[in-house]
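Accompanying notes for the structure given below.
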Amino acid sequence: MDSLVSALLFASRQKTSVGLLFLDLDNFKIINDTLGHKAGDELLCEVARRLTAVSDSRDVIARWGDEFVLMMTHSVSDTRMSEHAEKILEIMRVPVQLNDQYFTIPTSIGIARSGEQVLDADKLIQQADIAMYWAKEKGRDNAQFFTPNMTNAVTKKFSFEKEVNDALASEQFYLVYQPKVQMEKDNILGLEVLIRWNHPVKGLVPPADFIPIAEESDLIIKIDEWVIDQALMQLKAWRDQNLSIVPVAVNLSGRHLVSDALVSYISERLSHYGIEGRYLEIEITEGVLLQDIQRCIDVMAELKALNIKISVDDFGTGYSSLSYLKRLPLDILKIDQSFVEECDSHTEDAKICETIIYLARSLELLIVAEGVETAPQVNMLKSLGCEIFQGYFFHKPMKSPLVAKLLIPRAEIA
């Protein structure tokens with residue numbers, strides 16, 4: 001900060017510029033949480049070596065929390081800063097070896113430059129930081145220059161995060177449940193839990209509008225934990241009504257899956273409500289498996305020890321390796337609705353569904369077709385060997401009182 005303050009004063013007198021590159025290591029927190037602080041420290045040291053290797057000796061490089069800031073004072077121009085950022089991105093794309101594993105560290109870079117308007121050090125850092133968040137929004141592994149319109153967009157994002165926190169505190173969220181059936185509408189095997197947000201001003205906010213924002217931070221863990229708690233509380237309520245409960249499936253974010261607190265939280269909540277682990281199912285997407293696969297396997301094994309079932313949602317749309325798939329302690333594959341949608345009219349989609357069903361059987365996994373909306377889809381999927389379905393053709397997502405009417409009283413089972 002002393003160097004930056006001095007550089008800005010000098011640049012103001014000389015009518016020159018100071019450039020800042022604000023770097024965020026997109027996978028640092030995951031590595032630090034899953035491999036431990038020693039591995040995190042090794043990663044920071046390796047990043048420092050790489051930054052030094054591609055920088056001018058006159059540049060000033062500093063660690064800033066879990067990020068890095070690089071200051072340029074010599075012949076500063078947009079072109080030079082852009083070239084420098086590209087060198088950093090290029091060297092950061094080389095995999096890093098930690099604990100005998102290789103990791104890629106996508107880097108997001110925000111760039112800001114002092115101009116004719118004199119900026120103080122904090123303001124310039126803030127602008128570079130905002131540009132860095134913009135680079136994250138653009139898909140990571142890129143650099144973005146600060147522009148004034150970014151401030152409003154980032155402010156809106158932070159404001160939205162506050163709204164989500166307020167929603168959690170003031171019971172604006174609620175759950176709906178979509179049944180999974182075996183062959184017929186009345187034969188309910190389980191329920192998928194879906195979150196809904198009834199905003200006091202905006203009305204119903206689609207999950208697609210707030211879940212991706214939450215996934216950028218640990219806010220998604222708060223939401224996941226709320227959903228798990230509410231779902232287990234509802235199972236207890238149904239059981240107290242003397243209804244025969246069925247397993248509930250909760251969608252889990254990748255960030256939460258590899259966090260240290262997941263298994264202990266679920267174990268404590270199961271115990272709190274007196275619900276056996278076999279009544280909880282965790283759904284993850286294929287994209288989650290692109291993170292530290294060994295960590296995913298370890299966490300899944302701990303969940304399995306609680307008798308919790310694990311399914312892969314949206315199967316067929318991601319990039320998970322089959323060699324990984326056979327190592328994962330999975331129970332269920334869900335065929336993505338994009339293949340189900342035209343399986344009765346497009347040979348290619350039918351073939352994909354057939355292949356996924358065959359794969360699941362080979363791995364001794366259950367298969368669920370999601371997004372089933374028409375009788376021809378059902379007939380085609382049945383002919384391919386699928387027996388479990390989820391979708392509007394059978395049941396739409398519904399609130400708990402309607403679900404209760406579908407559950408069988410325990411006395412009838414006895």
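Just so it is clear, the values below take in all heavy atoms, side chains as well, and ignore hydrogens, waters and symmetry mates.
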- Message: Using 30° and 60° as the class boundaries, would you call the ring planes of W64 and F22 parallel, tilted or perpendicular?
- Response: perpendicular
Basic-acidic side-chain contact under 4.0 Å: [X], [Y]:
X	Y	result
E373	K396	no
K87	E83	no
E86	R93	yes
K351	E348	no
E370	K180	no

Within the 4.5 Å heavy-atom criterion, are [X] and [Y] side-chain neighbours or not?
X	Y	answer
P409	Q241	no
F28	I105	no
E225	H256	yes
Q127	L20	no
Q178	M398	no
V69	L23	no
K309	P247	no
L270	L232	yes

- List the steps, then state whether side chain to side chain contact (heavy atoms under 4.5 Å, CB included) holds for V246 with L235. CA-CA 8 Å; V246 295; L235 280 179; 6.0 Å; no
Can you tell me how far [atom2] of [Y] sits from [atom1] of [X], rounded to the nearest 0.5 angstrom?
X	Y	atom1	atom2	result
M183	F394	CE	CZ	8.5 Å
D218	I223	CG	CD1	11.5 Å
I388	C386	CD1	SG	7.0 Å
S55	I61	OG	CD1	3.5 Å
T107	I109	OG1	CD1	6.5 Å
L257	R295	CG	CZ	8.0 Å

Indicate yes or no for a side-chain donor-acceptor contact from [X] to the backbone of [Y] under 3.5 Å, with no hydrogens or angles considered.
X	Y	result
D224	S253	yes
N142	A135	yes
S264	A261	yes
R50	V94	yes
S271	S267	no
R196	P206	no
D336	F339	no
N187	V181	no
S17	R113	no
Q377	T374	yes

- Task: Indicate the atoms forming the closest heavy-atom contact of S259 with I221, along with that distance.
- Result: CB-CD1, 4.1 Å
Are more than 12 heavy atoms, taken from residues, nucleotides or ligands other than [X], located less than 6.0 Å from that residue's [atom1] atom?
X	atom1	answer
K136	NZ	yes
K236	NZ	no
K304	NZ	yes
E90	CD	no
Q97	CD	yes
K162	NZ	no

Are a donor atom and an acceptor atom from the side chains of [X] and [Y] found within less than 3.5 Å of each other?
X	Y	value
H199	E163	yes
K222	N165	yes
D24	Y133	no
Q172	D166	no

- Can you check whether Y174 and W226 have ring centres sitting under 6.0 Å from each other? no
- Assert yes or no for the condition that the ring centre distance of W238 to Y177 is strictly below 6.0 Å. yes
- Can you check side chain to side chain contact (heavy atoms under 4.5 Å, CB included) on S108 and D141, steps first, answer last? CA-CA 5 Å; S108 301; D141 192 34; over 6 Å; no
- Please walk me through it: do I213 and E161 pass side chain to side chain contact (heavy atoms under 4.5 Å, CB included)? CA-CA 7 Å; I213 296 174; E161 287 185 0; 4.0 Å; yes
- Message: With side-chain contact (heavy atoms from CB on, under 4.5 Å) as the test, pick out the partner of M71 among L8, V60, D59.
- Response: V60
- Task: Could you please spell out the steps behind the side chain to side chain contact (heavy atoms under 4.5 Å, CB included) verdict for Y358 and E354?
- Result: CA-CA 6 Å; Y358 178 79; E354 184 178 26; 5.6 Å; no
- Passing option when Q390 is tested against Q337, K334, H395 for side-chain hydrogen bond (donor to acceptor under 3.5 Å, both in side chains): K334
